[in-house]
There are 2 protein chains.
Amino acid sequence: MARAGKKILNDPRKVVHEMLEGLVLANDGKITKLSHHDAIVRSDLPQSKVAILIGGGSGHEPLFHGFVGRNMGDGAACGGVFAAPSPDTIYEAGKAVHRGRGILFLYGNYAGDAMNFDMGAELLNEDGIEVRTVRVSDDVAAAPPERMHDRRGIAGDLLLIKIAGGAASELDTLEDVERVVKKANAQTRSMGVAVAAGSIPETGKLTFELAEDEIEIGMGAHGEAGISRQKLTSADDITDQMLGRILPDLPFASGDEVALLINNLGSTTMMEMLIVNRRVRQILDERGIKVYRTDVGTWVTTQEMAGLSITLMKLDSELKYYLDLPAESLGYSRT
Amino acid sequence: MARAGKKILNDPRKVVHEMLEGLVLANDGKITKLSHHDAIVRSDLPQSKVAILIGGGSGHEPLFHGFVGRNMGDGAACGGVFAAPSPDTIYEAGKAVHRGRGILFLYGNYAGDAMNFDMGAELLNEDGIEVRTVRVSDDVAAAPPERMHDRRGIAGDLLLIKIAGGAASELDTLEDVERVVKKANAQTRSMGVAVAAGSIPETGKLTFELAEDEIEIGMGAHGEAGISRQKLTSADDITDQMLGRILPDLPFASGDEVALLINNLGSTTMMEMLIVNRRVRQILDERGIKVYRTDVGTWVTTQEMAGLSITLMKLDSELKYYLDLPAESLGYSRT
């Protein structure tokens, strides 16, 4: 049963363009695409609010462009598959979302994205538009704790976008929104496990190679090296290893309250994620860590890659408040 | 990159049990599991409402047990993987959800489910509890239109559960709720396309065989024969073929308003679904059929099967009203 490259597509060179057309239509008028750029903006963006611009490479749907909506991102700048959006696209998206109170750029911490978003910010600054930046860096497998700024962003993106969207709907200044989102990023830790590769839509090629009986714990979204390649073992053992890295990293301690996110990297079943959730809760209970809210689903993917990630965010009353606001987007809605 | 059977599990014989434990924990107190049965019930079920009991085989997550919550199902009776729940479990789940106004049973139209839910209904009747039944039968590939009662239920389940949950929160009698849900089922049509098989968690075996360059249009959720096995072709061509069967079946006609659902059967990417959505909208626009709301996501799966389904429900003002009510469950939430 070969799956790699066997996808329901038209012209493989036009996947991003056609996907964005489909995305705008699926939002039934709530999202507008810029005419000459792969960027989308909320159609009903309120006046005089801090704007949240998210974005990055395509191919990780519903991240990022599926997370544009009420109390989520205000716009998204979209690159090609696994490629950063261009500075020009970021600049145009920035102008389109700006409502007079500055823009928070929020995206995963990858070198190409950082470079291009910084160039986009410079262009906006020249127009007198203020930009602040938070780079999501939740992947504990990517670098040791003392090098947080070298860590990649993975599924923590979703929780940070939700908090940023909530904060920007209630707070008046860019500084305040930036402060909340920076705090949320500082308190978020994730790790993934890869079971099988996804494939690149333009070429059908796999993003990495794993033997039939192997998994890799800590592998990045694009096949970046993790912390341990090993034989496939039990869900409980895998979960123990992942939390064994995540919990001491912040560290999460007895009495903490957390948001828990279990994210499907592409083709892992909800059955597997729920079985992992069972073990996560056993461990957190033992440690006296209380789960305030749980999300289990498909949000930050790498095409049809098999595997999942676990994210914990340590909460305080401010983060709880923004996390609990209703949110509405094609890829993530909560009452 | 073998994927079949390579899953993050513990004891393969305990997948349903462990999954339900994880599910209850992920619902953070909003869902309770019955002590001796694989059935779950809302913890905060309001008094004196018509109850909605859903259920069926496991392995199609988040359907069914992920759709228990506010304005969704009130409880779910869960079978083994791809197996109907037992009459006993259905009976106990029925007693647990009943709030004095009768129960609507809502499940996919499969022989095993029909038999066991009917037996469960008889047991409840003996206790003086009234039960009505709607069997979801949206799969146009399963039987010709004159044999609607032989059609299987596929992704239409989600829209019907949402409408049933909404109707049961506002209507006082079982008869009224049944009438709305029957109407919704009569106006719903779906078709799927299979690209690659999923695997059975207990055995690792594939659910069907498809050649490397083949797809099957109309294939059922468990590998039931479809209407055409053919070479993999373009997204537009596949969409044309599927709508070519769906549209004339009701028929959907110019001036109609519809709810549109594009559902991932397991490991198909959101990119593919959005590209299909683009073509669906081109065709519906040409036909003068207006899309009132769109959902694109992962709701009715067959493990990691690759493929997708398209569902259209013809709406009137009553169906729109119930579809638009907020809903909250682990697998599907809308503001």
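Chain identifiers are assigned alphabetically (A, B, ...) following the order of the sequence lines, protein sequences preceding nucleic acid strands; residue numbering begins at 1 within each chain. Any value given below was found using the heavy atoms of this structure, including those in side chains, with hydrogens, waters and symmetry copies removed.
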(message) Which one wins on heavy-atom pair count under 4.5 Å against chain B: A/P326, A/G266, A/P62?
(response)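 Option with the top pair count is A/P62.
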
(message) Among A/R334, A/M271, A/E21, which residue has the highest count of heavy-atom pairs closer than 4.5 Å to chain B?
(response)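 Greatest number of close heavy-atom pairs with chain B: A/M271.
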
(message) Looking at B/D28 and A/R281, is there a salt bridge between them, counting it only when a charged N and a carboxylate O are closer than 4.0 Å?
(response)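 Yes, this pair counts.
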
Per-residue contact mode, [X] against chain A (heavy atom under 4.5 angstrom):
X	answer
B/L23	both
B/Y292	backbone
B/L9	both
B/V15	both
B/V193	side chain
B/T239	neither
B/V81	side chain

Once you round to the nearest 0.5 Å, how far does [atom1] of [X] lie from [atom2] of [Y]?
X	Y	atom1	atom2	answer
B/R293	A/N27	CZ	CG	12.5 Å
A/R278	B/M19	CZ	CE	12.5 Å
A/L330	B/M273	CG	CE	9.0 Å
A/T269	B/Q303	OG1	CD	5.0 Å
A/K7	B/S267	NZ	OG	9.5 Å
B/M270	A/T301	CE	OG1	9.5 Å

(request) Let me know if A/R279 has heavy atoms under 4.5 Å from chain B in its side chain, its backbone, both or neither. (result)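 For A/R279, there is no contact with chain B at all, as no heavy atom is under 4.5 Å.
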
Backbone N/O of [Y] and side chain of [X]: donor-acceptor pair under 3.5 Å:
X	Y	answer
A/N10	B/S234	no
A/E272	B/I8	yes
A/K6	B/V195	yes

(request) Assess whether atom NZ of B/K14 is packed by more than 12 heavy atoms of other residues, nucleotides or ligands within 6.0 Å. (result)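 No, the 6.0 Å shell around NZ holds no more than 12 heavy atoms from other groups.
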
(message) Tell me if the NE2 atom of B/H17 is crowded by more than 12 foreign heavy atoms within 6.0 Å.
(response)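 No - once you tally the heavy atoms of other residues, nucleotides and ligands closer than 6.0 Å, there are 12 at most.
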
(request) For A/A26 and B/L274, work out which heavy atoms get closest and say how close. (result)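 The pair with the smallest heavy-atom distance is CB-CD2, 4.3 Å.
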
(request) Measure across A/T335 and B/A327 and return the closest heavy-atom pair with its distance rounded to 0.1 Å. (result)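 The pair with the smallest heavy-atom distance is CG2-O, 3.4 Å.
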
(request) Between chain A and each of B/L232, B/I215, B/V24, B/D295, count heavy-atom pairs under 4.5 Å; write down the option with the most. (result)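 Max contact count across the listed options: B/L232.
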
(message) Can you tell me which of B/L20, B/L25, B/N277 forms the most heavy-atom pairs within a distance under 4.5 Å of chain A?
(response)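 Max contact count across the listed options: B/L25.
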
